[in-house]
Amino acid sequence: MARAIQLAWRGRYSTHPNPRVGCVVVRDGEVLGEGWHERAGEGHAEQRALSEAGARARGATVYVTLEPCSHFGRTPPCSRALIEAGVAHVVAATKDPNPAVSGRGLEQLREAGIRVTEGLLAEGAEKLNPGFMKRMRTGRPYVRIKVAASLDGRTAMASGESQWITGPDARQDVQRLRALSDAILTGVGTVLADDPSLTVRRAELGDIGEATEPSRQPLRVIADRDARTPPEARILRGGNVQIFCSEAALQTPQAQDLAALGVGITGLGWQEGGVNLSQLLDALGEMGINELLVEAGPRLAGAFLTEKLADEFWLYQAPVFLGSDGRPTVTLPLTAMADKVQWKVSDRRQVGDDQRWILVPG
């Protein structure tokens, strides 16, 4: 199962919106076949492993990181492929959390006389697909906030100048973080101030080992109440952009001009502090977004923390000072020590000259 999990990670940049899955076929201690899911619409991990094992799969044990699918999609059901291959035992790390199918694949195997074991290395398998698991259980994507900051907690100078706080190694790491994501969210203020592209640039990913190369760009998402995103903005190049504005802004000429460029535009509720984040996350979940990366200004990032809607906080901290007049990491209207927002360190490591912190809610 550890090998199956290792194989599944090879699809970390390429399986969207499908889950990352690995599979190993074994008999008498010998590995007969192995596979992993590379891209949506292509063979699933079980199908690839069974194909490699061939006729030797009959009577074998199959280790798979996620319950085999039991329904027809772009590919036939894996439960049926396992039954037809004549395997004797299927060990699944986790059930498929999709309430429409959960347990059905395993039940089909049992009905066919195949022994089924559940839960082996379940925690490691869960970590393969935090977004898919969360979306299937809650309808919302897994949310990561990414911030680059100085030692004194500043993300930009008072003027807004921010390139570059961190070094090239950290920026390469961010490219890989983007490649992990189904969508990247920013606010219109960042679009107007920095004109970012928010794309994955293959040349900047560096050596990704045995991982399958990303074949698509994440959906770029802009929170833009009044549809102020300029038609010439770099983020709009290449399509695959979604703007969430107010219901009133949908009828404006600006919104209609953006829609004419092929940009998706949806009206949501807005409040004094900004966009209704619950509605935004629900909408992204309905669009099949598993993992959302927030690369935004301090107000939008702070809103996710205030509303307790973030699952991880990625802080790239550079060994520089930007001064007390610089812009803060997040905007949080706290007045007393009792109001502090407590997080805990999940991972900390050196990335070039910078420190990378991954924090989770405490």
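Val143 and Ile289 fall within a single hydrophobic cluster, where Ile, Leu, Val, Met, Phe, Trp and Tyr are joined by side-chain heavy atoms under 4.5 Å apart, directly or via other members. Follow the hydrophobic side-chain contacts under 4.5 Å out from Ile358 and you never reach Val341; the two are in separate clusters. Each of Tyr63 and Leu66 belongs to its own hydrophobic cluster when Ile, Leu, Val, Met, Phe, Trp and Tyr are linked at side-chain heavy-atom distances under 4.5 angstrom. Taking hydrophobic clusters as Ile, Leu, Val, Met, Phe, Trp and Tyr residues chained together by side-chain heavy-atom distances below 4.5 Å, Leu334 shares a cluster with Leu315. Note on Val275: it clusters hydrophobically with Leu284, by side-chain heavy-atom contacts below 4.5 Å among ILVMFWY residues.
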List the steps, then state whether side-chain hydrogen bond (donor to acceptor under 3.5 Å, both in side chains) holds for Glu67 with Thr94. CA-CA 6 Å; Glu67 174 185 359; Thr94 58; over 6 Å; no

Stepwise side chain to side chain contact (heavy atoms under 4.5 Å, CB included) check, Val62 with Cys23: CA-CA 7 Å; Val62 175; Cys23 180; 3.4 Å; yes

Evaluation steps, side chain to side chain contact (heavy atoms under 4.5 Å, CB included), between Lys95 and Leu106: CA-CA 8 Å; Lys95 279 187 178 180; Leu106 298 180; 4.0 Å; yes

Chi angles and distances behind the side chain to side chain contact (heavy atoms under 4.5 Å, CB included) call for Leu7, Val24: CA-CA 9 Å; Leu7 289 168; Val24 179; 3.9 Å; yes

Can you list the steps and then say if Asn276 with Leu268 is a side chain to side chain contact (heavy atoms under 4.5 Å, CB included)? CA-CA 7 Å; Asn276 186 314; Leu268 292 180; 5.6 Å; no

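Arg144 has no carboxylate O lying under 4.0 Å from a charged side-chain N of Asp311, or vice versa, which leaves the two without a salt bridge. Taking the charged nitrogens against the carboxylate oxygens, Arg356 and Asp347 do have a contact shorter than 4.0 Å, which makes a salt bridge. Classification of Glu295 and Arg178 as a salt-bridged pair holds, one side-chain N sitting under 4.0 Å from a carboxylate O. Salt bridge annotation for Arg48-Glu38: present, with a cationic side-chain nitrogen under 4.0 angstrom from a carboxylate oxygen. Classification of Asp173 and Arg171 as a salt-bridged pair fails, no side-chain N sitting under 4.0 Å from a carboxylate O. Using a 4.0 Å cut-off between charged side-chain N and carboxylate O, Glu213 and Arg10 make no salt bridge.
A donor and an acceptor atom, one from each side chain of Asn290 and His16, are nowhere located under 3.5 Å apart. Inspection of the Asp224 and Thr229 side chains reveals an N or O donor paired with an N or O acceptor under 3.5 Å. Under the 3.5 Å distance criterion, with hydrogens and angles disregarded, a donor-acceptor pair is assigned to the side chains of Arg201 and Ser197.
Within a 6.0 Å radius of CD in Glu210, no more than 12 heavy atoms belonging to other residues, nucleotides or ligands are found. Atom CG of Asp28 has 12 or fewer neighbouring heavy atoms from other residues, nucleotides or ligands inside a 6.0 Å radius. By the 6.0 Å contact criterion, CG on Asp257 is enclosed, its count of non-hydrogen atoms from other residues, nucleotides or ligands being greater than 12. By the 6.0 Å contact criterion, CD on Glu123 is open, its count of non-hydrogen atoms from other residues, nucleotides or ligands being 12 or less. Within a 6.0 Å sphere centred on CZ of Arg39, heavy atoms belonging to other residues, nucleotides or ligands number more than 12. Around atom CZ of Arg176, more than 12 heavy atoms belonging to other residues, nucleotides or ligands sit under 6.0 Å away.
Looking only at side-chain heavy atoms (C-beta outward), Tyr13 and Ile208 come within less than 4.5 Å of each other. Trp36 is not listed as a side-chain neighbour of Val21, based on a closest heavy-atom distance of 4.5 Å or more. In this structure, the side chains of Glu312 and Ser346 stay at 4.5 Å or more apart for every pair of heavy atoms. Contact annotation: the side chain of Trp314 never approaches that of Trp357 to less than 4.5 Å [non-hydrogen atoms, C-beta and beyond]. With contacts defined as side-chain heavy-atom distances shorter than 4.5 Å, the pair Phe132/Thr15 does not qualify. Between Ile265 and Leu250 the shortest side-chain heavy-atom distance falls below 4.5 Å. Side-chain contact between Ile243 and Leu258 is present, with at least one heavy-atom pair separated by less than 4.5 Å. Between Pro328 and Pro298, some side-chain heavy-atom pair lies under the 4.5 Å cut-off.
Shortest non-hydrogen contact noted between Pro196 and Thr190 is CD-O, 3.6 Å. Of all heavy-atom pairs spanning Lys146 and Val174, the tightest one is CE-CG2, 3.8 Å. The shortest non-hydrogen separation linking Leu300 to Gly187 is CD2-N, 3.9 Å. Of all heavy-atom pairs spanning Val191 and Pro230, the tightest one is CG1-CD, 4.3 Å. Smallest separation of non-hydrogen atoms from Pro218 and Val200: CD-CG2, 3.7 Å. Counting all heavy atoms, side chain and backbone alike, Ala227 lies closest to Gln254 at O-CB, 3.3 Å.
Put simply, the side chain of Ser181 gets close to the backbone of Leu177: a donor and an acceptor are under 3.5 Å apart. Using a distance-only test at 3.5 Å, with no hydrogens or angles considered, no donor-acceptor pair links the side chain of Asp96 to the main chain of Ser102. A donor-acceptor pair is defined here as one N or O able to donate and one able to accept, closer than 3.5 Å; such a pair exists between the side chain of Arg56 and the backbone of Leu32. Under a 3.5 Å cut-off, the side chain of Asp282 and the backbone N or O of Arg140 do not form any donor-acceptor pair. Of the possible polar contacts, one joining the Arg220 side chain to the Gly239 backbone as a donor-acceptor pair under 3.5 Å is found. A donor-acceptor pair under 3.5 Å is formed between the side chain of Asp182 and the backbone N or O of Glu291. Side chain of His37 to backbone of Gly43: a donor-acceptor contact under 3.5 angstrom is found. Looking only at distances, a side-chain donor or acceptor of Arg20 sits under 3.5 Å from a matching main-chain atom of Arg12. Side-chain atoms of Gln350 come within 3.5 Å of backbone N or O of Gly352 as a donor-acceptor pair. Looking at Gln217, its side chain never comes within 3.5 Å of a backbone N or O of Thr199 through a donor-acceptor pair.
Taking Ile, Leu, Val, Met, Phe, Trp and Tyr as members and joining any whose side-chain heavy atoms lie under 4.5 Å apart, directly or through other members, the hydrophobic cluster of Val320 also contains Met157, Ile165, Leu322.
A distance of 11.5 Å separates CD in Glu286 from CG in Leu281, rounded to the nearest 0.5 Å. Between the CG atom in Leu292 and the NZ atom in Lys134 there is a gap of 9.0 Å [rounded to 0.5 Å]. Between the CE atom in Met287 and the CZ atom in Arg135 there is a gap of 11.5 Å [rounded to 0.5 Å].
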Ignoring hydrogens and angles, write down the donor-acceptor pairs under 3.5 Å from the side chains of residues 109-121, residues two or more places apart or on other chains.
| unit_1 | atom_1 | unit_2 | atom_2 | d |
| --- | --- | --- | --- | --- |
| Arg110 | NH2 | Glu118 | OE2 | 2.8 |
| Thr117 | OG1 | His89 | NE2 | 2.8 |

Without placing hydrogens or testing angles, list every side-chain donor-acceptor pair under 3.5 Å for residues 77-86, not counting sequence neighbours.
| unit_1 | atom_1 | unit_2 | atom_2 | d |
| --- | --- | --- | --- | --- |
| Ser79 | OG | Cys69 | O | 3.3 |
| Ser79 | OG | Gln108 | OE1 | 2.6 |

